[in-house]
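A quick write-up on the structure given underneath.
In this chain, numbering begins with 1 at the start of the sequence shown.
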Amino acid sequence: MTVHTRAFDLPDRLAAKADPALTAADERHFTRIAVSLDRSITELTERLAAERAARGGTGQAALDRDLEVHRLATRLRTLRRFGLDLCLGRVVPADGGEPVYVGRLGLTDGAGRRLLVDWRSPAAEPFFAATHAAPMGLASRRRYRWTRGRITDYWDEVFTADGLEGHAALDDQSAFLASLGGSRSARMQDVLGTIQADQDAIIRAGSRGALVVDGGPGTGKTVVALHRAAYLLHSDPRLGHRGGGVLFVGPHEPYLAYVADVLPGLGEEGVRTCTLRDLVPEGAGALDEADPEVARLKSSVGMVAAIEAAVRFYEEPPARGTTVTTPWDDVRLTVENWAEAFEAVEPGTPHNEAREQVRESLVDVVVDAHDDVDPDLVRAAVRQDRQLRAALDRAWPLLDAADVVGDLWSVPAYLRRCAPELAPGEVRRLQRSDPRAWTTADLPLLDAARMRLGDAGAVRRRQREAAVVARERERMSAVIDELIAADDSELLLMTSLRHGDLRDALVDQDAVPAVEADPLAGAFAHVVVDEAQELTDAEWQVLLRRCPSRSFTVVGDRAQARRGFPEPWAERLRRIGLTEVRQMSLTVNYRTPAEVMAEAEPVIRAVLPDANVPTSVRSTGVPVGYGSVAELDAVVDGWLAEHGGGTACVIGAPAFPERPRVRSLTPALAKGLEFDLVVLVDPDAFGPGVGGAVDRYVAMTRATQRLVVLTSR
């Protein structure tokens, strides 16, 4: 790593801030950090190489090694990525103690002295949470602005009269407000150093139950959600990888691409990120549901419950007995035997896996009828009985989730039986010519079916694995028999190989096909879901199935719900199964200029008078522009010519071609993103009612600098 002779590289206009009386102590501290970084990078590189070279082992030992490799690699990447700018800032205690420097990671020198405290630690909390009303024992706070590894500006806040002496250079604006005016890029800005007290309180709130983070546009909900995910995974041992880890669910792929750098920048790469589509294999190709009434019918918890009835339809013991033929005798499996086998299934066992339990119960009956024959021989014979296999295929067949759900949309009688509450007209409306033409409304039902059924392919793979293991055991038994036959030692040591455990240990595990588990199947210890106001009842069930602890961070804004959101958050979440609900609100709009909010607020209040419209903290002095659609190219080209950096977005003109620094999105895909310039094209075409108003409100509030509205009239 290259170590600069000085960390501070302030421009001439900030010459007063470059006074050594204000920066010398920091320079000395950064020198110690640079030395420690070099040492830490060298040590981590050596430890990582040693761990990777070590034998992986098996079971828990292999898991522990993999986790340690992941931990070392993550820390090494973070140290190499940031260098000195790991440091976010410092606080000076009011009691005269030494300054405390806050970093993305904790760091010590060779003697164990603390150089940086991790931003997630309790010691770092005053850096984010102190206010003039509650200074938390601080005399002053300093935040740095880093540019290519050098400090190009810094901001001080003082909380006591003594805080001015030798510690602070006062500005006419805070570090946070100064950062808001900067140009946006294709990725979310690094804002860790400017987290505000109201946001920090939410980030550090406990993980028990469901925490609702309610806030309007520009209040930093996404910032809070991402930082909270990193904080919880670091600070709550119950949420670590062994406990299930943390899942972060965003609204769409452009959103995930926009925030992709945030979690690694926080020193955390252990959070799984995805959209709801990613949780279901059919999600990648699913289209939006064009019929609002079909979408409504499929979104209910009642329709999810119909999946249970659809599966139960295929769990019916035969009305007549079955004869099983073995080389020794014929055994009659009675209706009572079948019923007992069905009742022996362990509660909660997925359908396809339960089939094996049913089969084993029936095989036990046959084995018991051959009390003078080796049970293994009887079981091997029963496996070959075609009549039993055919009867089991009829009574408890292996099922595929896509087949079960597709049959609902192509067999009206099946749908009526599974969802008797549907009216005849609703049953007809849900039918379609191609039952597998999946839409987003189908995805929660496919997920419910897959969870209820289990993976039929996995069951077949396990059967093949068992067959492979059986063949390997037979092969090793033959080898052992040969070794014993050839053993002429006095103690006949080879006879010890007849021991079952030793024989199993000799089985070649590499011959057994391995299958990787779905990393998004869960269970997760905590789930963070952004733009949660858009989730249907059925979509909520997808997430609940992956989080048995019911530990959630629910981030959203009722005023941005396209389908409407009339009830309070607590009522909404209790209805879908979350009973322990807390709510914390964000009411300050840090992103959208006051000029834009003045135009956007009436749009949403016209349909939602009680909308939580946040108050903007800044003004650009640039009014909202209006014009004709014919001016679209000129507006975009003119802005690009005037601004060498930043991003623009055209919303409402799907045919508008994207180019570097310019996106073209629908209101739905713009949700959660921000741009310096937003050009809103024909907003009245977004439609009437709540949905149209929400789309207009969301689109307008993506702007951080300028909004232009173009119409066809």
Report task. May I ask you to check if Arg141 and Phe128 form a cation-pi contact, with NZ or CZ under 6.0 angstrom from the six-membered ring centre and within 45° of the axis? Result -> no
Requested in this report: Determine the minimum heavy-atom distance between Leu535 and Trp540, stating which atoms define it.
Outcome: CB-NE1, 3.6 Å
Query - Atom pair OH/OG1 of Tyr231 and Thr553 - distance to nearest 0.5 Å - result: 12.0 Å
Report task. With side-chain contact (heavy atoms from CB on, under 4.5 Å) as the test, would you mind laying out the steps for Leu88 and Trp119 before giving the verdict? Result -> CA-CA 9 Å; Leu88 305 170; Trp119 71 273; 4.1 Å; yes
**Report entry** From CD (Gln705) to OG1 (Thr647), nearest 0.5 Å
**Finding:** 10.0 Å
**Report entry** Parallel, tilted or perpendicular: rings of Tyr314 and Tyr414 (30°, 60°)
**Finding:** perpendicular
**Report entry** Partner set under side chain to side chain contact (heavy atoms under 4.5 Å, CB included) for Met136, not counting sequence neighbours
**Finding:** Glu125, Pro126, Ala129, Ala130
Report task. Test Asp537 against Arg575 for salt bridge (charged side-chain N to carboxylate O under 4.0 Å, His left out), laying out the working first. Result -> CA-CA 8 Å; Asp537 289 2; Arg575 190 177 80 232; 2.9 Å; yes
Report task. List the steps and the verdict of side-chain contact (heavy atoms from CB on, under 4.5 Å) for Val588 and Thr615. Result -> CA-CA 5 Å; Val588 178; Thr615 302; 6.0 Å; no
Report task. First locate atom OG of Ser207, then atom CZ of Arg228, and finally report the distance between them rounded to the nearest 0.5 Å. Result -> 7.0 Å
Query raised in the report: Would you say the side chain of Val542 lies within less than 4.5 Å of the side chain of Leu276, judging by non-hydrogen atoms?
Result: yes
Query raised in the report: Quick one: does Leu586's side chain get under 4.5 Å of Val213's, heavy atoms only?
Result: yes
**Report entry** Minimum heavy-atom distance between Arg546 and Leu520, given as atom pair plus value
**Finding:** NE-O, 2.9 Å
Query raised in the report: Between Leu673 and Pro254, what is the shortest heavy-atom contact and its length?
Result: CD2-O, 4.0 Å
Report task. Verify, without hydrogens or angle tests, whether Gln533 (side chain) and Asp557 (backbone) share a donor-acceptor contact under 3.5 angstrom. Result -> yes
Query - Ion pair Arg574/Glu571, N-O distance below 4.0 Å - result: no
Report task. Would you kindly say whether Glu539 and Gln541 are connected by a side-chain donor-acceptor distance under 3.5 Å? Result -> no
**Report entry** Working for ring-ring contact (aromatic ring centres under 6.0 Å, His included), residues Phe552 and His526
**Finding:** CA-CA 6 Å; Phe552 277 82; His526 187 84; 7.2 Å; no
Query raised in the report: Between atom NZ of Lys298 and atom CG of Leu408, what is the distance when rounded to the nearest 0.5 Å?
Result: 9.0 Å
Requested in this report: Answer yes or no: is there a side-chain heavy-atom contact under 4.5 Å between Val698 and Asp695?
Outcome: no
Requested in this report: Could you tell me whether Glu426 and Arg429 have a side-chain N and a carboxylate O separated by less than 4.0 Å?
Outcome: no
Query raised in the report: Taking atom CG of Leu247 and atom SG of Cys547, what is their separation to the nearest 0.5 Å?
Result: 8.5 Å
Query - Polar side chain donor-acceptor pair, Ser619 to Glu595, under 3.5 angstrom - result: yes
Requested in this report: Considering non-hydrogen atoms only, spot the tightest contact between Leu665 and Cys649 and give its length.
Outcome: CD1-SG, 3.9 Å
Query raised in the report: Listed by chain and number, what are the side chain to side chain contact (heavy atoms under 4.5 Å, CB included) partners of Ala134, not counting sequence neighbours?
Result: Thr131
Query raised in the report: Are the charged groups of Arg452 and Glu308 less than 4.0 angstrom apart, N to O?
Result: yes
Query raised in the report: What are the two closest heavy atoms between Pro614 and Thr219, and how far apart are they?
Result: CB-CG2, 3.6 Å
Query - Asn612 versus Asp214, side-chain donor and acceptor atoms under 3.5 Å - result: yes
Query raised in the report: Are any of the side-chain heavy atoms of Arg545 and Asp447 separated by less than 4.5 Å?
Result: yes
Query raised in the report: Quick one: do Arg277 and Glu282 make a salt bridge, cutoff under 4.0 Å?
Result: no
Query raised in the report: How far does CG of Asp530 sit from CG of Leu226, to the nearest 0.5 angstrom?
Result: 7.5 Å
Query raised in the report: Looking at Ser549 and Ala525, what are the two nearest heavy atoms and their distance?
Result: OG-O, 2.9 Å
**Report entry** Candidate pair His234 and Asp118, rule side-chain contact (heavy atoms from CB on, under 4.5 Å), full reasoning
**Finding:** CA-CA 10 Å; His234 173 84; Asp118 192 296; 3.9 Å; yes
Query - Close side-chain approach of His227 and Asp200, heavy atoms under 4.5 Å - result: no
Query raised in the report: Partners of Pro350 by side chain to side chain contact (heavy atoms under 4.5 Å, CB included), sequence neighbours excluded?
Result: Glu353
Query raised in the report: Are Asp236 and Arg208 ion-paired here, with the side-chain N under 4.0 Å from a carboxylate O?
Result: no
**Report entry** Side chain proximity check, Pro251 to Thr275, heavy atoms < 4.5 angstrom
**Finding:** no
Query raised in the report: If you measure from the Lys or Arg side-chain nitrogens to the Asp or Glu carboxylate oxygens, is any gap between Glu157 and Arg143 under 4.0 Å?
Result: yes
Report task. Check whether any side-chain heavy atom of Tyr697 sits under 4.5 Å from a side-chain heavy atom of Val613, and report yes or no. Result -> yes
Report task. Would you check if there is a donor-acceptor pair between the side chains of Asn589 and Thr592 at a distance under 3.5 Å? Result -> yes
Query raised in the report: Are side-chain heavy atoms of Val554 and Leu211 found at a separation under 4.5 Å?
Result: no
